[in-house]
Structure formats: C-alpha cells, structure tokens
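In what follows, a single structure is set out as structure tokens and then discussed.
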Amino acid sequence: LNGTKGLELTREEVIDLGFKVSALVRKAQCREVNQDVLDLIQDASEKLDEADRIITEILEGNYEG
C-alpha cells in the first residue's frame with residue numbers, strides 16, 4: 001500500500017512495536033540486565049515514539065521536516 005493508507009498501517013505497526021519494546025524495557029529492568037543494554041533498548045523505544053510522532057504529523061498535514 002502507498003500513500004496515506006500505507007502511513008496509517010505503518011503507524012499502527014510502530015505503535016505496536018513501541019508497546020512491545022516498552023514492555024521489554026520493564027522486563028529487562030526486573031531481570032537486572034546490564035545498563036548499557038537497557039539504554040540501547042530504551043533508545044529504540046524513543047526512536048519508535050519519534051517515528052510515531054512524525055507519521056502523525058504527516059497524516060495531519062503538520063510535518064515540516
């Protein structure tokens with residue numbers, strides 16, 4: 001799919017992955033995983049949040065990137 005519909009589907013997938021990565025961060029914290037590893041996973045979570053924000057702005061016609 002292309003265009004708006006493709007962006008909407010991609011946004012849904014980004015949101016889904018974001019929830020899974022956030023859950024992984026919490027699980028890893030409980031398991032006392034190395035902080036460097038936690039930081040990398042948290043970085044991935046933040047990037048997914050940023051992707052969601054940009055896609056939302058594009059869909060709303062507010063993106064100026």
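In this view, L40 and D43 satisfy the side-chain contact (heavy atoms from CB on, under 4.5 Å) rule, not counting sequence neighbours. Residues satisfying the side-chain contact (heavy atoms from CB on, under 4.5 Å) criterion with E13, sequence neighbours excluded, are absent altogether. Applying the side-chain contact (heavy atoms from CB on, under 4.5 Å) criterion to E32, with sequence neighbours excluded, gives no partner residue. The side-chain contact (heavy atoms from CB on, under 4.5 Å) test applied to V25 returns Q29, I41, Q42, not counting sequence neighbours.
Listed by first and then second residue, the salt bridge (Lys or Arg N to Asp or Glu O under 4.0 Å) pairs involving residues 18-30 are D16-K20 (not counting sequence neighbours).
Between the CG atom of D52 and the CD atom of E50 there is a distance of 11.0 Å, given to the nearest 0.5 Å. Between the CG atom of N62 and the CZ atom of R53 there is a distance of 11.5 Å, given to the nearest 0.5 Å. Going from atom CG of L17 over to atom OG of S45 covers 10.5 Å, rounded to the nearest 0.5 Å.
Under a 4.5 Å side-chain heavy-atom criterion applied to ILVMFWY residues, the cluster that includes I15 comprises F19 as well.
Heavy-atom minimum distance, L7 versus I55: O-CG2, 3.7 Å.
Both I58 and V14 are assigned to one and the same hydrophobic cluster, defined by single-linkage of ILVMFWY side chains at heavy-atom distances under 4.5 Å.
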